[in-house]
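First comes the structure, then the notes that go with it.
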Amino acid sequence: MDQTAHIAILPSPGISHLIPFAELAKRLALHHNFHVTCIIPTTTDDRSDATKALLDSLPAAVDSIYLPPVNFDDLPKDAKPSAKLSLTITRSLPSLHHVLNSLLSTDNRLVAFLADPFGFEALEVAKGLNISPYVFVPLNAMALSVFFHLPKLDETVSVRFMRHLPDPIKLPGCVPLHGKDLFDTIQDRESENYKWFLNISKRLSLAEGIIVNSFLDLESAALKALQQTEEASGSSSKPPIYAVGPIVQTGLSTPKDGSECLSWLGKQPRCSVLYVSFGSGGTLSSDQLTELAFGLEMSGQRFLWVVRRPNNESAYLSEGQSQLEPRDFLPNGFLERNRDKGMVVPSWAPQTQVLSHGSTGGFLSHCGWSSTLEGVANGVPLIAWPLYAEQKVNAVMLVEGLNVALRPKVEENGVVPREEIAKVVKVLMDKGSEEGKRVRDNMKELKDAAAKALGKDGSSTRALSDLAFTLKNKATN
């Protein structure tokens, strides 16, 4: 009966959402004999090389179905990426219903449907077809606690903007969180984004279980609070929590060639290079990009910088991003002055290989959770530079809770000045810095804890086995 257990999964649009879903599917297929169908919502007929390469790398027991592309012609040109994300799911619901219905008629028993929190409307589709709905949160337990706590917070605060909250928010088992560090989407309580997010938070109880991309030694207090107290959810009916992380990208052969930067890394001293990347969608303003360039130069440290043309908005889910050469927007002479100690690559680098390389000694990151866990899995200490979404929540946890990251100070105009950048980079990378040593040592301990969680009797291995056992029981009933 093991071979017939079948799960459907629905990630939100975007490669950064697809990666953790694909890796979870891989584990369920290879270690627990599930058949997994990955249902992919789309916004255009074009399917990116990165998406195709990722799906092609999955085992035979994981197949994929693209939903028909949704149309955004009725949206204003300046529509926010978060609005497009939610609408992609909403407008794909009829197609999803058709696909799930057809899967129910196959020989394999469809026992569960997994969506991320932003696909909560899809859970109702699954429930209507008598398919057990589950939520996979490709984030940490602290971010999940924000979801659970929001309805209660909404009832008790009077300010319109969360950044104006007078007191820190005390989530059970988490370090205190200031209002300004909450998700961007819930800063304005009168916005449509806030109402949408609040609706998600209230309906998480639709799920029969919640899978979270974290592990016990990373967030023991937060996970125990989520599992043991009703206060965290503000609800008497709370789904069980399965902490199965770290789920990070493994074994992907990418269509892009990263051999040049890996070859450059191979010529650098051990742990001497700061890797600088803001993820698949992170962009900086022109002023901030200039300050970062001069800050890296002033630090005197080696760096590998994945640079994207400046933009005041996130590039995530944006279309028509023009391709410019780095010298078109970096300070005059920057590339020439730094050719001996730094390397700049446009738009993309093989991040998992860079972070696992012996020459990489630090990671200046936007604190996206997938990138963060890749840093943790490889024991690379961080400079936390959050941009949007839940990244400020992650930064607070990394800096104040785990002490595995440093965070540069931002001026009132929202820009981190070059002097601050240079100072923080030196502290992290300089082997003589006491503060840098503390952060590096803590990250090494966290790396060991992550490996232990995924070991034969590790907490995450047991959690995934518990989930698999629960789902397989559904196949036999």
Side-chain angles (χ1 to χ4, degrees), residues 7-28 36-43 51 54 64-65 67 70 81-93 96 99-100 112-127 131-148 150 183-186 193 196-214 226 239 241-249 279-281 316-317 368-373 388-391 393-394 467:
I7 302 168
I9 62 175
L10 181 82
S12 291
I15 187 69
S16 63
H17 288 255
L18 176 59
I19 288 170
F21 271 81
E23 292 296 332
L24 177 62
K26 190 189 299 184
R27 289 192 194 179
L28 288 168
V36 184
T37 297
C38 184
I39 303 171
I40 304 169
T42 60
T43 57
T51 298
L54 177 58
S64 57
I65 297 173
L67 296 179
V70 300
S82 57
K84 289 185 176 182
L85 188 150
S86 61
L87 279 174
T88 301
I89 299 293
T90 302
R91 295 181 179 184
S92 296
L93 293 179
L96 174 66
V99 168
L100 291 178
F113 172 77
L114 275 61
D116 77 12
F118 300 113
F120 75 96
E121 293 172 302
L123 298 180
E124 295 178 327
V125 173
K127 202 166 184 177
I131 305 167
S132 293
Y134 281 72
V135 171
F136 173 40
V137 181
L139 305 173
N140 52 51
M142 186 170 176
L144 178 58
S145 297
V146 173
F147 275 96
F148 277 139
L150 187 61
F183 302 0
D184 288 349
T185 45
I186 60 174
N193 274 337
W196 173 63
F197 202 99
L198 181 62
N199 198 17
I200 293 173
S201 301
K202 289 178 177 178
R203 299 169 85 170
L204 279 176
S205 58
L206 272 175
E208 293 184 15
I210 297 177
I211 306 149
V212 62
N213 193 6
S214 189
L226 283 169
I241 309 292
Y242 301 91
V244 300
I247 295 175
V248 296
Q249 192 172 28
S280 60
Y316 187 68
L317 285 185
W369 192 237
S370 291
S371 289
T372 297
L373 285 181
Y388 55 87
E390 89 295 344
Q391 293 162 14
V393 173
N394 298 342
L467 174 65

Exercise. What distance do I19 atom CD1 and T51 atom OG1 have between them, rounded to the nearest 0.5 Å?
Worked result: 8.5 Å
Exercise. So which heavy atom on I89 is nearest to which on S12, and how close?
Worked result: CD1-CA, 4.3 Å
Exercise. Can you find a heavy atom in the side chain of I247 that is under 4.5 Å from one in the side chain of P138?
Worked result: no
For this session: Supply the atom-to-atom distance L114 CG to L24 CG, rounded to the nearest 0.5 angstrom.
Result: 6.5 Å
Seminar exercise, completed: With sequence neighbours left out, the residues meeting side-chain hydrogen bond (donor to acceptor under 3.5 Å, both in side chains) with E390 are N394
Exercise. Of all residues at least two apart in sequence or in a different chain, which pass the side-chain hydrogen bond (donor to acceptor under 3.5 Å, both in side chains) check with R27?
Worked result: none
Exercise. With a 4.5 Å limit on heavy-atom distance, are the side chains of L123 and V135 in contact?
Worked result: yes
Problem set entry | Evaluation steps, side chain to side chain contact (heavy atoms under 4.5 Å, CB included), between I211 and L467 | CA-CA 9 Å; I211 306 149; L467 174 65; 3.6 Å; yes
For this session: Go through the steps to decide whether L28 and I7 satisfy the test side chain to side chain contact (heavy atoms under 4.5 Å, CB included), and finish with yes or no.
Result: CA-CA 9 Å; L28 288 168; I7 302 168; 4.0 Å; yes
Exercise. Under the side chain to side chain contact (heavy atoms under 4.5 Å, CB included) criterion, do I241 and V212 qualify, and how do the steps go?
Worked result: CA-CA 7 Å; I241 309 292; V212 62; 3.9 Å; yes
For this session: Any chance you could measure S214, atom OG, to M142, atom CE, to the nearest 0.5 Å?
Result: 11.5 Å
Problem set entry | Results of side-chain contact (heavy atoms from CB on, under 4.5 Å) for D184 - residues two or more places apart only | Y388, K392
Problem set entry | Spatial distance of atom CG (L67) from atom CG (L10) [nearest 0.5 Å] | 7.0 Å
Problem set entry | Residues in salt bridge (charged side-chain N to carboxylate O under 4.0 Å, His left out) contact with E121, at least two apart in sequence or another chain | none
Exercise. Is S201 close to F148 at the side-chain level, that is, under 4.5 Å between some pair of heavy atoms?
Worked result: no
For this session: Would you give the length of the straight line joining atom OG1 of T185 to atom CD1 of I200, rounded to the nearest 0.5 angstrom?
Result: 8.0 Å
Exercise. Do S64 and I40 come close enough that some side-chain heavy atom pair is under 4.5 Å?
Worked result: yes
Exercise. Among I9, T37, L96, whose side-chain contact (heavy atoms from CB on, under 4.5 Å) with F113 holds?
Worked result: L96
Exercise. Can you name the ring pair (Phe, Tyr, Trp, His ring centres under 6.0 Å) partners of F21, sequence neighbours left out?
Worked result: F136
Exercise. Quick one: OG on S86 to CG on N199, what's the gap to the nearest 0.5 Å?
Worked result: 11.0 Å
Seminar exercise, completed: Between K202 and S205, the two heavy atoms sitting closest are O-OG, 3.9 Å
For this session: Determine whether V244 and N213 make a side-chain contact, defined as any pair of heavy atoms from C-beta on separated by less than 4.5 Å.
Result: no
For this session: Assess whether side chain to side chain contact (heavy atoms under 4.5 Å, CB included) is satisfied between I65 and C38, documenting all intermediate values.
Result: CA-CA 6 Å; I65 297 173; C38 184; over 6 Å; no
For this session: Flag the pair S370 / Q249 as yes when at least one side-chain heavy-atom distance between them is below 4.5 Å, and no otherwise.
Result: no
Exercise. Residues two or more places apart in sequence or in another chain: which of them pass ring pair (Phe, Tyr, Trp, His ring centres under 6.0 Å) with F118?
Worked result: W196
Exercise. Within a strict 4.5 Å, meaning less than it, do heavy atoms of the L226 and L144 side chains meet?
Worked result: yes
For this session: Output, in order, the C-alpha distance, side-chain angles, deciding distance and verdict of ring pair (Phe, Tyr, Trp, His ring centres under 6.0 Å) for F183 and F197.
Result: CA-CA 10 Å; F183 302 0; F197 202 99; 5.1 Å; yes
Problem set entry | Heavy-atom pair of closest approach, residues L100 and A8 | CD2-CB, 4.0 Å
Exercise. Quick one: does V137's side chain get under 4.5 Å of I210's, heavy atoms only?
Worked result: yes
For this session: Kindly give the heavy-atom pair with the smallest separation between I131 and A112, and that separation in Å.
Result: CG2-C, 3.7 Å
